[in-house]
Amino acid sequence: MSAIPPTHDANVRSLLDALKQVLRMRGLTYTDIARELGVSLPTVKRQLSRGDLSLDRLLAICALAEVDLHELARASRHGADRSPYLDMAQEQALAASEPMMLVFHLLLAGRDLDDIRHDYQFHPARLHATLEQLQAIKLLTVPRRGPPRLRVPAGLIWRRNGPVMRRYGAAAMQEFLRAEFGATDEWLAMETRELTQASRLQLRRRLDQVQQEFLKLAELDVSAPTAEKRNTGLILALRPWTFSIARARART
């Protein structure tokens, strides 16, 4: 089978970059790939660097990473998007309507309309009207046949102080933290130490990377079967801070 075109093609370069990102997120090294495919490590490095690999080889690597070409293409779009945010007017519309916000969130997570009707008790007429509202603000397209198509940035991020976070953020965070975090797929930690500004900025950059990895994984998993997924929350926070019991005794 013929090789994939050289990586001077921007689309191919973007696709390979996305594949490398997926491999990192899955914890797969080039050594792992070489061993599983029965080829040498230099061969894997050369093929993923230069893009001179066959479609069969690309599909084999995708299978190891548990991602198909469609999902990989979706992930590769993230780097090409100019902005990960919605328009302010779109955020305002979602903040003003809980049904619109819920349906949009579920579609963004890859749920189909039958799931939304059944699992969230939407009357068909109400769901249709909500889809029309989302189409009116250009968040999706509702074709005459087939499922609605989202028209949003890949790796969508809500504005930190935007309408959606002001409307739902505080309540969502309080509900999220109201748990013991004892399950194997849950984690919560809080540390306070004295750090320099340089160290705080380094941590900030790493937290940005974790957020981007979370969004990339969500993009990859959007087409996975609903039964294999659970809605998952992630909160990252960092700021100079002194606990009130210490601040009350501190000399000013």
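- Within 6.0 Å of CZ on Arg200 lie more than 12 heavy atoms contributed by other residues, nucleotides or ligands.
- The existence of a salt bridge linking Arg111 and Asp119 is confirmed by a sub-4.0 Å separation between a basic side-chain nitrogen and an acidic carboxylate oxygen.
- Atom-to-atom distance recorded for Leu37:CG and Asp56:CG is 11.5 Å, nearest 0.5 angstrom.
- Test Thr43, Leu19, Leu58 against Leu48 for side chain to side chain contact (heavy atoms under 4.5 Å, CB included) and you get one pass: Leu19.
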Step by step, work out the side chain to side chain contact (heavy atoms under 4.5 Å, CB included) result for Leu131 and Leu113.
CA-CA 10 Å; Leu131 293 174; Leu113 296 183; 3.9 Å; yes
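- Here the OH-CD distance, from Tyr30 to Gln47, works out to 11.0 Å after rounding to the nearest 0.5 Å.
- In this structure, the separation between CG on Leu140 and CG on Leu108 is 10.5 Å, given to the nearest 0.5 Å.
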Check against side chain to side chain contact (heavy atoms under 4.5 Å, CB included), Trp158 and Leu94
CA-CA 11 Å; Trp158 301 114; Leu94 291 174; 3.7 Å; yes
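- Dense packing is recorded around CZ of Arg117, with more than 12 heavy atoms of other residues, nucleotides or ligands lying under 6.0 Å away.
- Here the NZ-CD1 distance, from Lys20 to Ile61, works out to 10.5 Å after rounding to the nearest 0.5 Å.
- Open room surrounds CZ on Arg126; 12 or fewer heavy atoms of other groups in view lie less than 6.0 Å from it.
- Between Arg166 and Arg159, the closest side-chain pair of non-hydrogen atoms is not below 4.5 Å.
- Salt bridge annotation for Arg205-Asp208: absent, with no cationic side-chain nitrogen under 4.0 angstrom from a carboxylate oxygen.
- The local environment of NZ in Lys229 is crowded, with over 12 non-hydrogen atoms from other residues, nucleotides or ligands closer than 6.0 Å.
- Residues Arg151 and Leu139 are not in side-chain contact: their nearest non-hydrogen atoms beyond the backbone lie 4.5 Å or more apart.
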